[in-house]
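Structure first, commentary second.
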Amino acid sequence: MVSPVTESQVTADVSAPNPEKLERIRHTCAHVLAMAVQTLFPGTKVTIGPTTDNGFYYDFDRAEPFTPDDLKTLETQMRRIIKAKLPVVREVVSREAIAAEIAQLDENYKAEILAGIPEGETLTRYTIGDVALSGIGGFKLTADKSKKAQAQQFWWDLCAGPHVESTGDIPADAFALESVAGAYWRGDENNPQLQRIYGTAWENAEQLKAYLHQKEEAKRRDHRKIGKELQLFSIQEEAGGGLVFWHPKGATVRRLIEEYWRQTHLAGGYELLYTPHVANLNLWKTSGHNDFYRENMFDVMEVEEQAYQLKPMNCPFHVLTYKSDLRSYRDLPCRWAELGTVYRYERSGVLHGLMRVRGFTQDDAHIFCLPEQLAAEILGVLNLTEQTMSDFGFNNYEVNLSTRPEKSVGADDIWELATQALIQALNDKGWSYVIDEGGGAFYGPKIDLKIQDAIGRMWQCSTIQVDFNLPERFQLEYIAPDGSRQRPIMVHRAIFGSLERFFGILIENYAGDFPLWLAPVQVRLLPIGDEQRQYAQAIAQQLQQRGYRAAVDASGDRLNKQIRNAELEKIPVAIIVGKQEVTDQTLSVRTRQQGDIGTLTLADLQARLDVAIAAKSQI
RNA sequence: GCCGAUGUAGCUCAGGGGUAGAGCAUUCGAUUCGUAAUCGAACGGUCAGCGGUUCAAAUCCGCUCAUCGGCUCCA
């Protein structure tokens with residue numbers, strides 16, 4: 001659900017851009033791009049050119065691929081058009097007239113767009129340049145790349161607008177073409193593939209600069225880069241794409257996340273499960289995954305003439321656990337959690353670091369409950385989610401409530417009950433939310449939570465889904481007070497989403513500077529000379545025995561080099577020990593956040609470490 | 001999977017039909033050093049893999065794999 005590719009989600013922190021004006025600039029920018037393309041590359045067909053969060057794109061149909069050099073040339077041409085201050089004119093047109101013009105130009109995509117606009121709607125076209133100069137309507141474009149050609153330019157597009165009044169209103173120093181990519185006509189991979197040129201555009205150079213800075217910042221924090229630098233994890237060609245190796249330091253962070261998870265879940269009334277990684281294919285037939293989820297599943301494997309399936313989800317296993325015994329209403333709610341590792345087939349082109357992989361571990365849980373328990377259970381999940389996210393440093397959320405989609409299972413009244421339960425829980429929690437009408441799963445409504453990271457990007461992690469489908473398919477039951485057999489409601493929820501993705505988000509959020517409680521190495525001791533090595537070892541050992549993650553720099557490098565390495569490895573606390581410290585039995589402490597903080601005793605240091613660890617903050 | 005780009009030492013990268021290069025890292029030697037890089041030497045590569053063109057391929061061509069930017073999809 002979260003697009004792992006975050007560039008488009010980056011919202012630059014700029015001095016209050018005017019959204020309406022930006023929209024116009026970007027929209028016109030897209031037109032100017034299309035005009036430039038058709039001038040320099042005659043025969044290219046236009047399709048659509050909408051605005052995006054940071055700019056615009058335009059999709060073109062052209063046999064030859066656009067090269068990075070082409071983008072530069074196009075940018076130059078766009079600047080010419082901007083410099084020429086050509087008027088942008090809105091004009092209401094009749095369907096017949098515009099259809100004829102489009103047909104004459106053989107712009108079949110435009111014709112398709114026109115055909116899709118309902119009868120009776122006002123049709124407008126936007127013209128760049130002076131019609132009078134061209135003499136006739138339509139594309140009067142020249143392939144002449146000389147600068148003299150610009151005065152004759154005239155271009156139009158069927159478009160609802162709005163636009164700026166003149167190409168001169170686009171700030172020539174506040175836009176840039178960014179990349180070219182493949183995109184399908186109307187987003188359907190069965191349709192022809194078009195070439196999409198992405199651009200960014202702003203009101204002024206400062207805003208553009210802020211956006212580029214934000215982009216740099218995102219690049220600096222890229223978890224793939226940091227993961228390699230800090231030796232946290234790897235993904236290896238030899239093993240296959242999308243399969244994650246957690247290296248000792250990354251594994252330490254994961255262990256700490258898991259320990260936190262275990263502790264909070266046990267405290268929250270959950271019980272923990274372990275279930276297998278494969279199961280007989282029949283289980284997946286019963287659950288419906290074999291029909292509805294086949295394309296995301298690995299191929300079946302044959303074991304003694306039986307078909308087995310590597311698991312893409314944990315739910316059926318939890319359901320079977322429920323079903324293994326007769327349940328009373330007194331047993332409910334059952335809250336069962338598992339760090340369940342699942343494998344999903346993902347097309348090779350979509351894999352992305354830790355954010356999109358083929359094998360990952362969900363912090364999965366399923367709650368089986370009575371209808372009247374539903375709202376309270378949801379609220380419990382919201383509380384646990386809030387506590388967890390705030391402990392990991394995320395305090396801003398965006399909440400979505402997704403309701404019944406067209407294609408769905410289950411009776412109306414039970415959908416209504418479940419949706420109301422979600423709403424009630426959100427209200428009880430006091431969270432405002434956005435309703436995503438029809439965005440629910442086919443088996444029930446859901447709440448999704450997006451968290452905001454340190455540079456303003458939103459990431460979806462948590463999801464809470466009510467499920468009517470699996471209890472039905474597996475005929476789950478409990479014995480009601482009146483002795484009748486009733487169907488429990490099932491809630492599926494994950495807080496981190498997947499440990500891999502959450503780890504990736506953590507790395508990017510902290511830019512590798514983990515808070516003390518999560519830092520793989522909390523303290524490194526730097527002996528100035530060989531004579532202090534023993535003292536450093538002794539201190540490290542004492543720290544380790546008291547539960548801190550401490551180690552001695554064994555390199556024998558000079559102090560400056562050791563400090564540099566500790567900094568590059570983002571180790572929160574470096575302790576320098578020289579002759580003076582050994583003599584005085586003290587420690588010279590340097591934190592990554594504050595630099596040299598002076599001389600402390602071991603007890604003082606411990607006290608400071610404990611404060612930061614308890615606060616889950618950096619030291 | 002599709003479109004485009006990329007793949008050279010552990011890492012970051014240069015080179016470009018005819019002995020494979022640098023910095024960092026590693027190892028060894030010297031240095032024993034006080035808050036972000038001590039000096040020197042050595043080691044290290046079937047130039048992603050397979051096939052083709054050529055007297056000769058890391059270099060040109062084709063296929064495969066992986067990665068990157070997107071599309072579609074998604075925890």
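Proteins come first, then strands; the chains are lettered A, B, ... in the order of their sequence lines, and each starts at number 1.
Listed nucleotides: rG7(B), rC33(B), rG4(B). Nearest to the side chain of Glu237(A): rG7(B). With distances taken from any side-chain atom of Glu346(A) to the nucleotides rC74(B), rU38(B), rU72(B), the minimum falls on rC74(B). Among the nucleotides rA36(B), rA66(B), rU72(B), the one closest to any side-chain atom of Ser348(A) is rA66(B). Of all nucleotides listed (rA75(B), rC33(B), rU72(B)), rU72(B) comes nearest to the side chain of Tyr184(A). The side chain of Lys561(A) has rU38(B) as its nearest neighbour among rU72(B), rU38(B), rC33(B). The side chain of Arg356(A) lies closest to rA75(B) when the candidates are rA37(B), rA75(B), rU32(B). Nearest nucleotide to the Tyr198(A) side chain, out of rG34(B), rU35(B), rC71(B): rC71(B). Residue Gln362(A) places its side chain closer to rA75(B) than to any other of rG69(B), rA37(B), rA75(B).
Separating the C1' atom of rG69(B) from that of rA57(B) is a span of 30 Å, rounded to the nearest Å. The C1' atoms of rA37(B) and rC33(B) are separated by 14 Å, rounded to the nearest whole Å. Taking atom P on both nucleotides, rU64(B) is separated from rG4(B) by 13 Å, rounded to a whole Å. Using P as the reference atom, rG44(B) and rG34(B) are 36 Å apart when rounded to the nearest Å.
Nucleic acid contact class of Gln231(A) (heavy atoms, under 4.0 Å, all strands): none. Counting any heavy atom pair closer than 4.0 Å across all strands shown, Gly578(A) reaches a base atom. Backbone-only contact: Arg196(A) has heavy atoms under 4.0 Å from sugar-phosphate atoms and none from a base. Nucleic acid contact class of Gly529(A) (heavy atoms, under 4.0 Å, all strands): base. Ala181(A) comes within contact range of at least one nucleobase, with a heavy-atom separation under 4.0 Å. Counting any heavy atom pair closer than 4.0 Å across all strands shown, Arg344(A) reaches a base atom. Backbone-only engagement by Leu351(A) is indicated by non-hydrogen atom pairs under 4.0 Å involving sugar-phosphate atoms exclusively. Residue Gly349(A) is in base contact, counting any heavy-atom pair closer than 4.0 Å across all strands shown. Residue Asn560(A) is classed as a sugar-phosphate contact, given heavy-atom separations below 4.0 Å to backbone atoms only. Note on Val357(A): a base of the nucleic acid sits closer than 4.0 angstrom, heavy atoms only. Across all strands shown, Gln580(A) has heavy atoms under 4.0 Å from base atoms, whether or not it also approaches the sugar-phosphate.
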**Report entry** salt bridge (charged side-chain N to carboxylate O under 4.0 Å, His left out) assessment of Glu217(A) paired with Arg220(A)
**Finding:** CA-CA 5 Å; Glu217(A) 186 61 21; Arg220(A) 187 179 76 80; 2.8 Å; yes
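Taking the 5.5 Å centre cut-off and the 30° plane limit, the aromatic side chain of Phe360(A) is classed as stacked on rA75(B).
Between the base of rG34(B) and the side chain of Gln532(A) there is no donor-acceptor pair shorter than 3.5 Å. For Arg347(A) and rU72(B), a side-chain-to-base donor-acceptor distance below 3.5 Å is present, hydrogens and geometry of angles not being considered.
Between Leu194(A) and Ser588(A), the one whose closest nucleotide on RNA chain B sits nearer the 5' end is Leu194(A). Two residues, Val180(A) and Tyr293(A), neighbour RNA chain B, and the one matched to the more 5' nucleotide by heavy-atom proximity is Val180(A).
For His352(A) and rG69(B), the shortest distance from a side-chain N or O to OP1 or OP2 is below 4.0 Å. OP1 or OP2 of rU31(B) has not a single side-chain nitrogen or oxygen of Arg558(A) nearer than 4.0 Å. Residue Lys579(A) has a polar side-chain atom (N or O) positioned under 4.0 Å from OP1 or OP2 of rC33(B).
Nucleotide rC50(B) forms a pair with rG62(B), judged by Watson-Crick or G-U wobble geometry with both contacts under 3.5 Å. The partner of rU31(B) is absent, by the rule that a Watson-Crick or G-U pair needs both atom distances under 3.5 Å. Taking a pair to require two hydrogen-bonding distances under 3.5 Å in either a Watson-Crick or a G-U wobble arrangement, rC74(B) remains unpaired. Across the strands present, rC68(B) finds its partner in rG4(B); the criterion is a Watson-Crick or G-U wobble pair with both atom distances under 3.5 angstrom. Base pairing analysis places rG18(B) opposite rC55(B); the two distances defining the Watson-Crick or G-U wobble pair are each below 3.5 Å. A 3.5 Å limit on both hydrogen-bonding distances identifies rA42(B) as the Watson-Crick or G-U partner of rU26(B).
Taking 4.5 Å as the limit, some side-chain heavy atom of Leu470(A) sits within range of a side-chain heavy atom of Cys315(A).
A salt bridge does not link Glu377(A) to Arg493(A): none of the charged side-chain nitrogens sits closer than 4.0 Å to a carboxylate oxygen.
Asp553(A) and Ser555(A) share a donor-acceptor pair across their side chains, judged by distance under 3.5 Å alone.
With rounding to the nearest 0.5 angstrom, the OG1 atom of Thr200(A) is 4.5 Å from the OH atom of Tyr211(A). Atoms CZ and OG, from Phe496(A) and Ser462(A) in turn, are 8.5 Å apart once rounded to the nearest 0.5 Å.
Between Phe41(A) and Phe66(A), the angle of the ring planes goes over 60°, which puts this pair in the perpendicular group of the 30/60° scheme.
Among residues two or more places apart in sequence or in another chain, the side chain to side chain contact (heavy atoms under 4.5 Å, CB included) test is passed with Asp299(A) by none.
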